[in-house]
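Report on the structure given below.
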Amino acid sequence: MGKLVLYGLLASPPTRSCCLTLKALDLPYEFITINLMVGEHMLPEYLQKNPQHTVPLLQDDELYLWDSHAINAYLVRKYGKDDALYPSELVQRAVVDQRLHYDTSLMFTDSLRELTKRLLFLNESSVPQSKIDGVAAVYDMVENFLGENDYVAGSELTIADFSYVTSIGGLTAYLALDAAKYPAITAWWDRMKQLPYYEQANAEGAAQFEAMVKAKTYTVEP
Ligand code: GSF
């Protein structure tokens, strides 16, 4: 096995979903910080590796692979002792894939990334109420996905939980999660925090992200 390198930023939620997968699989890796705040992701040497200029980016020997969901699926399929985190069974995988696509389309990209782009990258001082309403709609949907299950794609932990715990964690910087309204998400999040590698893979970066958002003064416009 060659050396795995993860390019990313600890504050970045999708980067941390890959740290969670790497830790869950007990894979050693080198972490190279790409500081988006100073534009390191737009430098020619990074664009050569990832023309889409996003973090995270995984290097595995000759392969450069970006998109956290694709990276996590690849890592489980290539290095997992079993397929538990990304099940091969048709229907189970279909549900995990559906959960991942929801993160890519709505939860991360349309909600979290959009809010973060406005405040931290474009330096705007307001966000539209519709975007905050969108966060509540995401919480409603994830509460629904969880239902009576322990994990977001059913009774077992999968890579979808790693994407969700980092995206939901980020969203709470914009709209606090009301435990009374969202008991399933609250219980699931507590469950995720019990994972032996959670603290190391997610806690520090999540705190960094929250501090960056909380340091901004902004209004919510109707
Ligand atoms: C999204 C990555 C992304 O937008 C994934 O890896 O899951 N679907 C992709 N990352 C942001 C940083 S962040 O908001 O965590 C990023 O790299 N933005 C810089 C840019 O130029 O897009």
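All figures in this text were calculated on a predicted structure; none of them were measured in a lab. Hydrogens, waters and symmetry mates are skipped; everything else that's a heavy atom, side chains included, is used. Counting starts at 1 for both ligands and their atoms, following the listed order.
- Minimum heavy-atom separation, Cys18 to Pro56: SG-CG, 3.7 Å.
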Extract all donor-acceptor atom pairs below 3.5 Å that involve side chains of residues 116-128 and protein atoms in other chains or at least two apart in sequence.
residue : atom : partner : partner atom : Å
Thr116  : OG1  : Leu112  : O            : 2.8
Thr116  : OG1  : Tyr174  : OH           : 2.9
Asn123  : OD1  : Lys216  : NZ           : 2.4

Problem - Verdict with reasoning, Gln129 to Asp133, per side chain to side chain donor-acceptor pair (under 3.5 Å) - result: CA-CA 6 Å; Gln129 180 64 46; Asp133 294 344; 2.8 Å; yes
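- Asp178 and Tyr139 share no donor-acceptor pair across their side chains, judged by distance under 3.5 Å alone.
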Validation: residues 23-31 side-chain donor-acceptor distances under 3.5 Å, sequence neighbours left out:
residue : atom : partner : partner atom : Å
Glu30   : OE1  : Lys3    : NZ           : 2.7

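- If you look at ligand 1, the protein residues with a non-hydrogen atom under 4.0 Å away are Ser12, Pro13, Pro14, Leu36, His41, His53, Thr54, Val55, Pro56, Asp67, Ser68, His69, Phe108, Arg113.
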If you look only at distance, which donor and acceptor atoms sit under 3.5 Å apart when one is on a side chain in residues 145-159 and the other is two or more places apart or in another chain?
residue : atom : partner : partner atom : Å
Thr158  : OG1  : Ala160  : N            : 3.2

